[in-house]
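Here's the structure we're looking at; comments come further down.
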There are 2 protein chains.
Amino acid sequence: MENLPNTMRITSQRQVILDELRKVTSHPTASEVYDMVRKRLPRIGLGTVYRNLELLTEHELIRKLKVGGEQKRFDGNAAPHYHVRCVQCGRVDDVEINPLLDLEQKVATCSGYEILGHHVEFEGRCAACKTTS
Amino acid sequence: MENLPNTMRITSQRQVILDELRKVTSHPTASEVYDMVRKRLPRIGLGTVYRNLELLTEHELIRKLKVGGEQKRFDGNAAPHYHVRCVQCGRVDDVEINPLLDLEQKVATCSGYEILGHHVEFEGRCAACKTTS
DNA sequence: CTCAGTGCAAACGATTTGCAGGGCC
DNA sequence: GGCCCTGCAAATCGTTTGCACTGAG
């Protein structure tokens, strides 16, 4: 669980996955990443995409979002930040508010846990879904 | 998506599921609920458990937690509150801090979403896992 | 040459669903 | 009698993994 090999070769597959992920702000799912990447590497396998998303996450070059939706999503922005998810169409956007770091201390005290991090996810209806009601 | 039948019969299966869920504070997964319920209704099917957990959630008698772990968990306490999850053993506990309702207004303004709710999940190591290092 | 990394396909685990029978109203 | 609900089993979906092969160092 805590053995990150400090060596990781930059293969073309990894480079393309990272590129594509940084190019968008849409927090794509693994198979969306697969589709994006396949345009440049048509023979890449879905397994490779999963393996590399996992590896890039372990090396903290990207983030894995386990938000309320069904599938995991991936974020090319590795800095901590919060998200809003549209319950209707499933899109996920970033939220521009500052992390609530002071809460972690409070929770550590009252729960007895050693707190390592936290996630905040808002849910609602995005602008597009609001109008198409 | 928004058609809750306002009728829901209280079958013995539903009653037992709800009872068992309210009896514990452990936020069990569907198959843990299945095991708990099977002690009282040995012939119940896993499909029925899933169907009824879903139904009880729609009627807001329980809550479905889509936290960072792999499986969904269920909470007999339908009131909004936050959770801490142990990254080591997977247990999920309640957090005794007040909901940050003021944030929703702020996020609505800056994101353009109509905000319907939010979740906060802390992660860390529980007291037991801290000592067994 | 070696070995991490890959493509492919099969395996897996959680959840959902189709169906035929059962039992409440 | 009609229909909701159930048990059961098969299907589905996202994800993981085993394996043989490839290619960079």
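Throughout, a chain's letter reflects where its sequence line sits, starting with A, and its residues are numbered from 1. Remember, it's a predicted structure, so these values are computed and weren't measured experimentally.
Atom CD1 in A:I17 sits roughly 13 Å away from atom C1' in C:dG7 (whole-Å rounding). As rounded to whole Å, 10 Å separates atom P of C:dC8 from atom CZ of A:R38. The distance from atom CG of B:L53 to atom P of C:dA14 is 15 Å, rounded to the nearest whole Å. Whole-Å rounding puts the B:L41 CG to D:dC5 C1' distance at 14 Å. What separates CD of A:Q13 from P of D:dG23 is a distance of 11 Å, to the nearest Å. Between A:H59 atom NE2 and C:dG5 atom C1' there is a gap of 13 Å when expressed in whole angstrom units. Look at CZ on A:R14: it is 12 Å from C1' on D:dA24, rounded to the nearest Å.
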Item to complete: Evaluate the criterion side chain to side chain donor-acceptor pair (under 3.5 Å) for residue pair B:H118 and B:E104; output intermediate values, then yes/no.
Response: CA-CA 8 Å; B:H118 72 279; B:E104 292 194 5; 2.7 Å; yes
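Residues A:D93 and A:H27 bring no donor and acceptor atom of their side chains to less than 3.5 Å of each other.
Taking a cutoff of 4.0 Å between a charged side-chain nitrogen and a carboxylate oxygen, B:E114 and A:K130 do not qualify as a salt bridge. B:R51 and B:E54 are not joined by a salt bridge, as no carboxylate oxygen comes within less than 4.0 angstrom of a charged side-chain nitrogen.
Contact annotation for B:R9: base contact, defined as any heavy-atom pair under 4.0 Å involving a base atom.
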Can you check nucleotides 15-20 of chain D for protein contacts, nitrogen or oxygen pairs under 3.5 Å, and list what you find?
| residue | atom | partner | partner atom | Å |
| --- | --- | --- | --- | --- |
| D:dT15 | OP1 | A:K72 | N | 3.1 |
| D:dT15 | OP2 | A:Y50 | OH | 2.4 |
| D:dT15 | O5' | A:Y50 | OH | 3.2 |
| D:dG18 | O6 | A:R51 | NH1 | 3.3 |

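By the criterion of side-chain heavy atoms lying less than 4.5 angstrom apart, applied directly or through intervening Ile, Leu, Val, Met, Phe, Trp or Tyr residues, A:L53 is not grouped with A:V92; the two fall into different hydrophobic clusters.
A:L116 shares a hydrophobic cluster with B:V87; the chain of contacts runs through ILVMFWY side chains whose heavy atoms sit under 4.5 Å apart.
Of the candidate nucleotides D:dT6, D:dC8, C:dG5, D:dC8 has the atom lying nearest to any side-chain atom of B:R43.
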